[in-house]
Amino acid sequence: EESPPASHHINSLRDIPLDEFVGTLEAGLREIANGYPALIDRACAVLAEQLSLPEALENLAAELRGRAHELEDVAVDPMLKSFVLRASDEALVAQDLITSLLTQLASKPPHEWADADEDQFQVRAAHVARAFRSAESLLVAPDGTDAGHSLLRLAVARRGHPEHDRVLPLRPTEEARIAALRDRILATVKRKGSKSPACNRDQALAALALAAESLIDASEPALPRKDAK
């Protein structure tokens with residue numbers, strides 16, 4: 001069957017009301033314009049979740065730069081080493097720093113990404129984050145170096161399950177909120193009464209360990225699945 005002549009398509013366009021055509025065109029342009037910022041937001045959310053970073057771009061970049069700088073001497077994994085060197089670059093503003101990191105992890109600048117590139121970024125970000133947290137845990141070991149800011153290493157291990165490990169920054173801006181939550185947890189543990197009897201220390205620690213295990217496990221993003229062909 002032959003394709004309709006070009007004049008047919010031109011006539012079809014002429015049949016579309018001008019307001020409808022302009023509205024559709026503007027909607028398409030808005031989608032294109034908003035697509036890149038949305039992509040950067042998604043990528044930053046992955047980094048923030050994987051590395052326990054603030055969500056706001058400026059704060060994310062500032063904290064990541066400081067923490068990465070502390071890892072320059074202990075990063076061994078080649079991908080982590082490259083990531084750490086880029087992340088600690090003082091010459092880059094926040095937006096350029098994030099763009100540089102995304103380019104490294106996906107082997108392509110984010111403005112050129114297709115769906116497969118974003119998937120690759122997520123896979124490599126997960127690998128780098130695991131190596132980053134492992135290296136960072138050395139900073140909070142008893143004989144580790146002084147990281148220059150408070151870090152808390154939390155590890156939960158039990159037979160038959162993989163070890164759950166996370167290094168958490170204790171930010172001054174969050175101290176009051178964390179302290180209040182700690183006090184609420186301790187008050188719950190010590191509460192006496194028929195409905196909520198107090199538990200002993202070992203029971204409380206076991207419950208907290210299981211809660212921590214669940215929270216850490218839930219924070220690990222599901223990696224993209226490759227559809228079978």
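For the numbers below, each heavy atom of this structure counts, side chains included, while hydrogens, waters and symmetry mates do not.
- The closest side-chain heavy-atom distance from Pro109 to Glu112 is below 4.5 Å.
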| task | Apply side chain to side chain contact (heavy atoms under 4.5 Å, CB included) to the pair Ile185 and Leu208, showing each step before the final yes or no. | result | CA-CA 9 Å; Ile185 293 173; Leu208 290 171; 3.8 Å; yes
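- At least one side-chain heavy atom of Leu64 sits less than 4.5 Å from a side-chain heavy atom of Phe132.
- With a 4.5 Å cut-off on side-chain heavy atoms, Leu51 and Val128 do not count as touching.
- Contact check for Glu136 versus Glu70: no side-chain heavy atoms found under the 4.5 Å cut-off.
- Side-chain atoms of Leu102 and Trp113, non-hydrogen and from C-beta on, do get closer than 4.5 Å to each other.
- Using a 4.0 Å cut-off between charged nitrogen and carboxylate oxygen, Arg67 and Glu63 count as a salt-bridge pair.
- Considering all non-hydrogen atoms of both residues, Leu60 and Ala48 come closest at CD1-CB, 4.0 Å.
- To the nearest 0.5 Å, atoms CG (Asp41) and CG (Leu57) are separated by 8.5 Å.
- More than 12 non-hydrogen atoms from other residues, nucleotides or ligands lie less than 6.0 angstrom from CG of Asp183.
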| task | Start with the C-alpha gap between Leu39 and Phe121, add the side-chain angles, then the distance that decides, and say whether side chain to side chain contact (heavy atoms under 4.5 Å, CB included) holds. | result | CA-CA 11 Å; Leu39 172 62; Phe121 156 74; over 6 Å; no
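- Counting heavy atoms from C-beta outward, Leu97 and Arg65 have side chains that approach closer than 4.5 Å.
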| request: Start with the C-alpha gap between Arg124 and Ser107, add the side-chain angles, then the distance that decides, and say whether side chain to side chain donor-acceptor pair (under 3.5 Å) holds. | output: CA-CA 10 Å; Arg124 290 187 174 178; Ser107 301; 2.7 Å; yes
| request: Decide side chain to side chain contact (heavy atoms under 4.5 Å, CB included) for Cys44 and Glu55; before the verdict, give the C-alpha distance in whole Å, the side-chain angles of both, and the deciding distance to 0.1 Å. | output: CA-CA 7 Å; Cys44 285; Glu55 295 182 358; over 6 Å; no
| Chi angles and distances behind the salt bridge (Lys or Arg N to Asp or Glu O under 4.0 Å) call for Arg177, Glu174 | CA-CA 5 Å; Arg177 185 175 184 180; Glu174 299 176 352; over 6 Å; no
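- Leu80 places none of its side-chain heavy atoms less than 4.5 Å from the side chain of His127.
- In terms of heavy atoms, Ser88 sits closest to Glu72 at OG-OE2, 2.8 Å.
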| When you look at Gln120 and Lys108, which way does the side chain to side chain contact (heavy atoms under 4.5 Å, CB included) test go after all the steps? | CA-CA 10 Å; Gln120 177 170 282; Lys108 185 184 296 185; over 6 Å; no
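- Sequence neighbours left out, the pairs with a member in residues 95-105 that pass side-chain hydrogen bond (donor to acceptor under 3.5 Å, both in side chains) are Ser82-Gln104, Arg86-Ser100.
- Taking a cutoff of 4.0 Å between a charged side-chain nitrogen and a carboxylate oxygen, Glu213 and Arg158 qualify as a salt bridge.
- In terms of heavy-atom proximity, Glu58 sits nearest to Ala94 at OE1-CB, 3.5 Å.
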